[in-house]
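This report refers to the structure that appears directly beneath it.
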Amino acid sequence: MPSVCIFSAAWRRFDVTRLVLEQRQRLCVELAATGIDAVSLIAADDENLDLAAELGCQTIEASNLPLGRKCSIGLRRAAELADHVVWVGSDDWIHQDVFLPLLERPADAIPAVISGSRLAIVDLPTGRLQRIAYPSKYGAIPWIVDSRLLQPCRHEPIRPDL
């Protein structure tokens, strides 16, 4: 059974974070029914940590760190938790179909990055759920990264100085 860790660094916007994390927890249950073991991981330094823990997500406390460093720490931890990592914004809703390529991929396949094809986002001013298809003008399609590609990194996966 393939496994995936859905990772986000969260900061403020607690009402949006709650909605998205509730959706991700439902997504994890739906993925388990299709044969994909999934976990949600949140890196934060505010009330989002308590919120994520309350909703059953894995958490990383990343106090007083810039966003790039929070993401680097989170990506490394995500690579330890699952075979594949999906890194998305803390306000991105992910469609279940994004993960279908994992069911077709052999366990011994060469490490690769798989592009997603569908995403749903909340339009905050209107509250409407918007579905986005690939290719998208938003550039917000999640990528599925084989965690073996992140493990040998000697440097931070996210370099804020570049």
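For the single chain, residues carry numbers from 1 onward in sequence order. Because the structure is a prediction, the values reported are computed rather than measured. Reckoned from all heavy atoms, side chains included, excluding hydrogens, waters and symmetry mates.
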**Request:** Check the hydrophobic clustering (I, L, V, M, F, W, Y; side-chain heavy atoms under 4.5 Å; chains of links allowed) and say if L31 and M1 are grouped together.
**Result:** no
**Message:** To the nearest 0.5 Å, what is the distance between CZ on R24 and CD on E22?
**Reply:** 12.5 Å
**Item:** Cluster companions of V29 among Ile, Leu, Val, Met, Phe, Trp, Tyr (side-chain spacing under 4.5 Å)
**Value:** none
**Complete:** Between S8 and V88 the two heavy atoms that sit nearest each other are OG-O, 2.8 Å
**Complete:** CD1 of I36 to CG of D83, rounded to nearest 0.5 Å, is 11.0 Å
**Request:** Report yes or no: do L27 and L21 belong to one cluster of Ile/Leu/Val/Met/Phe/Trp/Tyr joined by side chain heavy-atom distances under 4.5 Å?
**Result:** no
**Complete:** Taken to the nearest 0.5 Å, the spacing of S147 OG from R76 CZ works out to 13.5 Å
**Complete:** What one should report as the nearest heavy-atom pair of A82 and C5 is CB-N, 3.4 Å
All N/O donor-acceptor pairs, side-chain side in residues 51-60, below 3.5 Å, sequence neighbours left out:
{"unit_1": "E54", "atom_1": "OE2", "unit_2": "R18", "atom_2": "NH1", "d": "3.3"}
{"unit_1": "E54", "atom_1": "OE2", "unit_2": "R18", "atom_2": "NH2", "d": "3.3"}

**Request:** Compare every heavy atom of S63 with every heavy atom of D45, then report the nearest pair and how far apart it is.
**Result:** CB-CA, 3.6 Å
**Complete:** Here the salt bridge (Lys or Arg N to Asp or Glu O under 4.0 Å) pairs for residues 57-67, sequence neighbours left out, are none
**Complete:** CD1 (I6) and CG (L81) are apart, to the nearest 0.5 Å, by 12.0 Å
**Prompt:** What pairs with A9 under side-chain contact (heavy atoms from CB on, under 4.5 Å), at least two apart in sequence or on another chain?
**Reply:** F7, L67, K70, C71
**Item:** Any pair counted as side-chain hydrogen bond (donor to acceptor under 3.5 Å, both in side chains), so long as it reaches residues 27-42, sequence neighbours left out
**Value:** none
**Request:** Flag yes if L102 and L100 sit in one hydrophobic cluster, no otherwise; membership is Ile, Leu, Val, Met, Phe, Trp, Tyr, and two members link when side-chain heavy atoms are under 4.5 Å apart.
**Result:** yes
**Asked** Hey, what do you get for CG (L41) to CG (L75), rounding to the nearest 0.5 Å?
**Response** 9.0 Å
